[in-house]
**Q** 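I have a structure I would like to understand better, so I am pasting it below and will then ask my questions one at a time.
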Amino acid sequence: MLGIIGGTGLTKLTNLEITRRQVARTPYGEPSGALIFGHLCGAEVVFLARHGYGHTIPPHEVNYRANIWALKEFGVDRIVSVATVGGIKPELPAGSLVVPHQLIDYTWGRAQSFVISGEKPVTHLDFTEPYCGAMRRDILRAAAQKQIDISDGGVYAVAQGPRLETAAEINRYERDGCDMVGMTGMPEAYLARELDICYAAIGVVVNDAAGRGASKNGIREEDIMRVLDDLMSRVRILLEELVVLQHPEACPV
Ligand code: HPA
C-alpha cells in the first residue's frame with residue numbers, strides 16, 4: 001500500500017475518501033497523528049500529516065521513527081513524501097516542483113535509526129541512492145501525464161531548523177553541491193530504508209533560499225503562503241495520477 005506523508009501546506013488530502021482513522025502506538029512513541037486510511041481514485045492509501053493536523057510539530061521534533069514504523073506496521077511498502085524546500089539553484093525558483101535524487105544530511109540530534117545499541121549486531125545499510133528509483137520514475141511519469149512541470153533530480157540539503165538559514169549557510173550548501181534546502185528529508189528517508197520501504201520525495205519549492213533571488217534581503221512568510229496553495233493543488237493532482245498509474249486495476253482510465 002502507498003503511504004503519503006504530507007508536509008507544510010498538505011495536512012489533509014481533500015480528494016481522499018476516508019474509510020478510517022487509526023491511532024497507532026509504536027515502540028518509539030506516537031506518530032505525528034492518526035493514520036488516515038482511505039481511497040484515492042479507488043485505490044487504498046494511507047495519509048499522515050508529518051507536522052500533525054494543526055501543524056504544531058516542528059521539523060526537529062517530528063517523531064520520524066514512530067511515523068515510519070506505524071506506516072510499515074499498517075501495511076505500507078511505498079512512501080511518497082511531500083516536503084517544502086527553498087530553492088538554491090536558479091533552476092529551482094519558488095513555485096517549482098522537484099524530485100530530488102540525492103541528499104546531504106546536516107541535521108543533528110535526531111534519532112537516526114531503529115537499531116538500538118546493544119540489542120543486535122551493528123549493520124551498515126547501503127544508502128548510496130537514498131531514494132527509490134521506481135517511485136521516482138512513477139512520480140515523473142505521473143507529472144508528465146498531467147503536464148505538470150517538475151525537475152528530475154537535485155541534491156536536497158537537510159537542515160536542522162526550525163529557523164531558516166543564513167545566506168552564508170546557503171553558500172556553503174551550494175558549494176557542497178546542494179540544489180535545494182529543507183528540514184524534514186532526514187532521517188525519514190533512511191528510516192524507510194531500514195524498514196525496506198520504497199521511498200521518494202516531491203520537493204515543493206516555496207521560496208528562493210536565503211540570500212538568493214527574491215530572498216536576497218530575507219524570506220517573507222507571506223511570499224511563501226502566496227505560492228503554497230497553487231503548488232499544493234498541483235501536488236494533489238500529481239498524487240492522484242501517481243495512484244492511478246500504480247493501480248490501473250482500481251482506476252481504469
Ligand atoms: N530552508 C529550509 N527549509 C525550508 C525552506 C528554506 O528556505 N523553505 C521551505 N522549507
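Indexing begins at 1, ligand by ligand and atom by atom, following the structure's order.
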**Q** What's the shortest distance from atom 6 (C) of ligand 1 to any protein heavy atom, and which residue and atom give it?
**A**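 Ranked first by proximity to atom 6 (C) of ligand 1 is Leu164 CD2, 3.4 Å.
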**Q** What is the closest protein heavy atom to atom 5 (C) of ligand 1, and at what distance does it sit?
**A**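 Sorting protein heavy atoms by distance from atom 5 (C) of ligand 1 puts Gly86 N, 3.5 Å first.
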**Q** Between Gln160 and Trp108 (side chain of the first, backbone of the second, donor and acceptor by atom type, cut-off under 3.5 Å), is there such a pair?
**A**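 Yes, because the side chain of Gln160 sits within donor-acceptor range (under 3.5 Å) of the backbone of Trp108.
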**Q** Is it true that Asp105 and Tyr190 share a donor-acceptor pair across their side chains at a distance under 3.5 Å?
**A** no
**Q** For ligand 1, which atoms sit closer than 4.0 Å to a heavy atom of Val206?
**A** 8 (N), 9 (C)
**Q** Would you mind telling me if ligand 1 is within reach of the side chain of Ile224, the backbone, both or neither, using heavy atoms under 4.0 Å?
**A** neither
**Q** May I ask you to list the atoms of ligand 1 that are less than 4.0 angstrom from any heavy atom of Thr84?
**A**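 The list of qualifying atoms is 9 (C), 10 (N).
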**Q** Will you find, in the side chains of Gln112 and Tyr64, an N or O donor that is under 3.5 Å from an N or O acceptor?
**A**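 No pair is found: no donor N or O on one side chain lies under 3.5 Å from an acceptor on the other.
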**Q** Determine whether any heavy atom of Gly182 lies closer than 4.0 Å to an atom of ligand 1.
**A** yes
**Q** Linking I/L/V/M/F/W/Y whenever their side-chain heavy atoms sit closer than 4.5 Å, directly or via other members, would Ile104 and Leu125 fall into one cluster?
**A** no
**Q** For ligand 1, which atoms, with element, lie under 4.0 Å from some heavy atom of Glu165?
**A**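 Taking each heavy atom of Glu165 in turn, ligand 1 has 1 (N), 2 (C), 6 (C), 7 (O) under 4.0 Å.
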**Q** Output yes when Arg212 and Glu174 qualify as a salt bridge under the 4.0 Å nitrogen-oxygen rule, no when they do not.
**A** yes
**Q** For residues 21-33, run the donor-acceptor check on the side chains, cut-off 3.5 Å, and write out each pair with its distance to 0.1 Å, sequence neighbours left out.
**A**
{"residue": "Gln22", "atom": "OE1", "partner": "Arg20", "partner atom": "NH1", "Å": "2.7"}
{"residue": "Arg25", "atom": "NH1", "partner": "Glu30", "partner atom": "OE2", "Å": "3.0"}
{"residue": "Thr26", "atom": "OG1", "partner": "Tyr28", "partner atom": "N", "Å": "2.9"}
{"residue": "Thr26", "atom": "OG1", "partner": "Gly29", "partner atom": "N", "Å": "3.2"}
{"residue": "Thr26", "atom": "OG1", "partner": "Gly29", "partner atom": "O", "Å": "2.7"}
{"residue": "Tyr28", "atom": "OH", "partner": "Phe114", "partner atom": "O", "Å": "3.0"}
{"residue": "Ser32", "atom": "OG", "partner": "Arg50", "partner atom": "O", "Å": "2.6"}
{"residue": "Ser32", "atom": "OG", "partner": "Asn67", "partner atom": "OD1", "Å": "3.4"}
{"residue": "Ser32", "atom": "OG", "partner": "Asn67", "partner atom": "ND2", "Å": "3.0"}

**Q** Quick test: of every protein heavy atom, which one is nearest to atom 4 (C) of ligand 1, and how far off is it to 0.1 Å?
**A**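 For atom 4 (C) of ligand 1, the nearest protein heavy atom comes out as Val181 O, 3.6 Å.
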**Q** Just by distance, do the side chain of Arg65 and the backbone of Ser113 share a donor-acceptor pair under 3.5 Å?
**A**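 Present.
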**Q** Report the part of Thr8 (side chain from C-beta onward, or backbone N, CA, C, O) that has a heavy atom under 4.0 Å from ligand 1; answer both or neither where that applies.
**A**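 For Thr8, there is no contact with ligand 1 at all, from either part.
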**Q** Relative to the heavy atoms of Asn207, which atoms of ligand 1 are at a distance of less than 4.0 Å?
**A**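 The atoms of ligand 1 under 4.0 Å from a heavy atom of Asn207 are 5 (C), 6 (C), 7 (O), 8 (N), 9 (C).
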